[in-house]
Chemist: 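Quick one: this structure, given as structure tokens, is what I'll be asking you about.
Counting starts at 1 for both ligands and their atoms, following the listed order. When reading the values below, keep in mind they use all heavy atoms of this one structure, side chains included, and skip hydrogens, waters and symmetry mates.
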Amino acid sequence: MSHVIPAPRQAVAPVEGGGDFPVHRIYCVGRNYAEHAQEMGFTGREPPFFFLKPADAVLPVAEGSIGEMDYPPQTQNLHHEVELVVAIGVGGRDIAAADAARHIWGYAIGLDMTRRDLQNDMKKQGRPWCIGKAFDQSAPIGPLHPIASTGELTRGAITLSVNGTPRQKGDLSELIWNVSETIETLSKAWTLQPGDLIFTGTPAGVAAVVRGDVMEGSIAGLGTLRVRVR
Ligand code: MN
């Protein structure tokens with residue numbers, strides 16, 4: 001069968017040292033650091049929950065370059081959320097936490113950009129968050145580093161600054177649901193596929209950016225992701 005319209009372009013994430021990683025789905029974990037859960041009005045002890053962004057929400061930012069993100073429409077409150085991104089290389093379902101690492105291809109720094117005002121409106125009405133979370137360019141992502149070179153990432157600083165001023169600060173060891181537990185829980189609900197990305201949640205300190213701001217997200221061992229809002 002031939003396509004009746006041109007096939008959509010394959011969304012990709014950059015890879016350190018060259019090549020690219022074809023993106024299948026983007027899963028995101030909500031409120032996965034206690035302090036951030038508390039700043040959003042929760043206790044930090046709720047079970048993990050998930051939402052998705054479309055694969056083509058990825059804004060790939062190559063090594064050493066500054067990503068350019070367009071300020072999205074319909075918001076006056078665009079928030080940054082710096083997150084550890086896990087890339088799945090081997091798919092599966094009902095994956096045990098103890099086996100999770102062998103499903104991981106690598107890691108990157110990502111930004112779960114959020115139209116907070118729209119998300120809050122939807123929350124209030126008990127409606128889906130899509131308009132707040134799943135918009136175009138809502139997932140800037142830096143180069144993926146293969147787990148073969150980083151080893152399993154379970155601790156290390158995760159920070160974000162805006163125009164050089166610190167905003168978010170945490171440590172990967174503070175994840176309420178660690179990466180292995182997240183993969184276990186996620187793979188009970190969906191069959192994970194090679195190409196899936198998991199945004200693992202953000203530490204406290206989320207806040208707004210405006211046009212002209214430069215966000216710098218860092219994770220120990222993964223370098224720095226720079227994105228300018230225009
Ligand atoms: Mn998030």
Chemist: Does either side chain, that of Gln168 or that of Thr159, offer a donor lying less than 3.5 Å from an acceptor on the other one?
Modeler: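 Side-chain D/A pair, Gln168 to Thr159: absent.
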Chemist: For residues 146-158, please give each side-chain donor-acceptor pair under 3.5 Å, one per line with the distance, not counting sequence neighbours.
Modeler:
unit_1, atom_1, unit_2, atom_2, d
Ser149, OG, Pro146, O, 3.1

Chemist: Hey, does Ile183 have a side-chain heavy atom less than 4.5 Å from the side chain of Ile198?
Modeler: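 They are in contact (side-chain heavy atoms under 4.5 Å apart), so the answer is yes.
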Chemist: Got a sec, which pairs hit salt bridge (charged side-chain N to carboxylate O under 4.0 Å, His left out) with one end in residues 15-40, sequence neighbours left out?
Modeler: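 For residues 15-40: none.
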Chemist: To check you understand the geometry: which heavy-atom pair defines the closest contact between Ile109 and Ile219, and what is its length?
Modeler: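 Reported closest heavy-atom pair: CD1-N, 3.7 Å.
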Chemist: Got a list of side-chain donor-acceptor pairs under 3.5 Å for residues 115-124, not counting sequence neighbours?
Modeler:
unit_1, atom_1, unit_2, atom_2, d
Arg115, NE, Ile131, O, 2.9
Arg115, NH1, Pro73, O, 2.8
Arg115, NH2, Ile131, O, 2.9
Arg116, NE, His79, ND1, 2.9
Arg116, NH1, Glu81, OE2, 3.1
Arg116, NH1, Gln119, OE1, 3.0
Arg116, NH2, His79, ND1, 3.3
Arg116, NH2, Glu81, OE2, 2.7
Asp117, OD1, Thr75, OG1, 2.6
Asp117, OD2, Thr75, OG1, 3.3
Asp117, OD2, Gln76, N, 2.7
Asn120, ND2, Arg116, O, 3.4

Chemist: Spell out the protein N/O/S atoms under 2.8 Å from the Mn ion (ligand 1) as residue plus atom name.
Modeler: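 Only Glu81 OE1, Glu83 OE2, Asp112 OD2 fall inside 2.8 Å of the Mn ion (ligand 1).
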